Amino acid sequence: MANPQQNASWQGSQGSQSSQGSEGSQGSPGSPGTLKGYITADMAATTLFVMRMVTIVCTLLFVLSTMGLFGGATSFYLNAMLTSLFTFIIRLHQRQKQANINLFSRAMLTLLSTEDSGHYMLYTFFYYNQLPLTIYLLPVFLYAVLFSVTYTQGLAPVSHSSRYTHCSLIPRLLG
């Protein structure tokens with residue numbers, strides 16, 4: 001059974017997230033304290049989470065394929081970089097919408113140069129067509145792991161499982 005304090009804290013953080021871009025979530029089928037309600041409340045964050053998980057899986061498959069366990073190392077490298085690139089483009093687009101900036105303006109160029117998503121977008125764009133090396137995937141992989149763990153920590157209070165109530169899902173699965 002979910003702790004009422006955790007549920008209230010989740011609903012408080014949910015209110016700040018819902019003001020960022022999910023106005024249509026009022027009629028969503030899941031109740032706020034359920035896993036389905038959490039996932040459908042902010043579909044943009046869920047989409048970014050799925051894309052980051054694809055980046056993590058492709059990076060791990062690339063590393064395993066360079067050890068000779070799988071074939072197609074270049075394919076895994078390109079998929080990891082491409083999903084990472086799309087993740088950063090979506091994130092930069094969200095910030096551009098929040099700031100209400102025109103796409104072709106000096107303010108957009110300033111946003112691109114000051115946001116971490118802009119830097120990582122340029123990084124992945126630059127190394128997308130380079131020779132596939134593991135060191136190029138390391139920052140992208142760590143960024144994806146960081147934000148995937150952050151998202152799963154938000155899932156923990158609403159998972160209704162006593163095993164995952166006080167910790168995130170990924171460290172529990174890895175340990």
Side-chain angles (χ1 to χ4, degrees), residues 2 6-7 9-63 75-103 108 111-112 114-128 136-161 164 167-174:
Q6 290 173 342
N7 202 5
S9 67
W10 177 77
Q11 288 175 350
S13 66
Q14 179 65 23
S16 65
Q17 287 178 356
S18 64
S19 65
Q20 291 178 357
S22 60
E23 291 89 19
S25 66
Q26 292 175 353
S28 64
S31 67
T34 64
L35 186 63
K36 184 177 181 181
Y38 182 80
I39 290 172
T40 57
D42 193 4
M43 288 302 290
T46 304
T47 303
L48 290 173
F49 170 71
V50 169
M51 291 178 74
R52 287 176 178 136
M53 291 304 293
V54 169
T55 301
I56 291 169
V57 168
C58 287
T59 301
L60 293 175
L61 288 174
F62 172 75
V63 170
S75 175
F76 294 129
Y77 174 83
L78 293 176
N79 285 336
M81 288 300 243
L82 195 61
T83 55
S84 169
L85 182 66
F86 285 143
T87 302
F88 297 127
I89 288 173
I90 290 170
R91 194 68 195 122
L92 192 64
H93 179 69
Q94 287 176 339
R95 298 216 177 124
Q96 178 247 343
K97 282 252 192 190
Q98 286 176 355
N100 200 12
I101 298 173
N102 188 7
L103 185 60
M108 182 61 187
L111 180 72
L112 181 65
T114 58
E115 289 292 332
D116 60 341
S117 295
H119 295 142
Y120 278 103
M121 182 189 70
L122 293 173
Y123 176 86
T124 55
F125 185 73
F126 180 73
Y127 287 114
Y128 178 73
Y136 297 156
L137 286 176
L138 186 64
V140 170
F141 173 75
L142 293 176
Y143 195 88
V145 167
L146 173 73
F147 285 101
S148 295
V149 168
T150 303
Y151 185 82
T152 56
Q153 284 178 343
L155 287 176
V158 295
S159 68
H160 296 299
S161 174
Y164 302 125
C167 61
S168 70
L169 299 176
I170 289 178
R172 192 72 143 142
L173 292 174
L174 295 176

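Along the sequence shown, residues carry numbers from 1. All values reported here derive from a predicted model rather than from experimental measurement. Any value given below was found using the heavy atoms of this structure, including those in side chains, with hydrogens, waters and symmetry copies removed.
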Point-to-point distance, once rounded to the nearest 0.5 Å, from [atom1] of [X] to [atom2] of [Y]:
| X | Y | atom1 | atom2 | result |
| --- | --- | --- | --- | --- |
| Leu85 | Met51 | CG | CE | 8.5 Å |
| Leu61 | Ile56 | CG | CD1 | 12.0 Å |
| Leu155 | Thr150 | CG | OG1 | 11.5 Å |
| Met121 | Glu115 | CE | CD | 11.0 Å |
| Leu48 | Met53 | CG | CE | 13.5 Å |
| Leu92 | His119 | CG | NE2 | 10.0 Å |

- Identify which one of Phe141, Phe76, Tyr77 satisfies the ring pair (Phe, Tyr, Trp, His ring centres under 6.0 Å) criterion when paired with Phe62. Tyr77
Please report the shortest heavy-atom distance between [X] and [Y], naming the atom on each side.
| X | Y | result |
| --- | --- | --- |
| Tyr136 | Met81 | O-CE, 4.2 Å |
| Ser148 | Arg52 | OG-CB, 3.5 Å |
| Ala80 | Leu137 | CB-CD2, 3.9 Å |

- Query: Quick one: does Thr59's side chain get under 4.5 Å of Val140's, heavy atoms only?
  - Reply: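 Sidechains of Val140 and Thr59: no contact.
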- Message: Does any part of the side chain of Thr114, heavy atoms only, come nearer than 4.5 Å to the side chain of Arg95, both counted from C-beta?
- Response: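 They are not in contact (no side-chain heavy atoms under 4.5 Å apart), so the answer is no.
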- Task: For the residue pair Tyr151 and Phe49, categorise the inter-ring angle as parallel (less than 30°), tilted (30 to 60°) or perpendicular (more than 60°).
- Result: parallel
- Can the ring centroids of Tyr143 and Phe88 be said to lie less than 6.0 angstrom from one another?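 That pair passes the under 6.0 Å test.
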- Message: With a 3.5 Å distance limit and no angle check, can you tell me whether Thr124 reaches the backbone of Tyr120 through a side-chain donor-acceptor pair?
- Response: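 At least one qualifying donor-acceptor pair exists.
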- Task: Check the surroundings of atom OH in Tyr123: do more than 12 heavy atoms from other residues, nucleotides or ligands lie under 6.0 Å from it?
- Result: yes
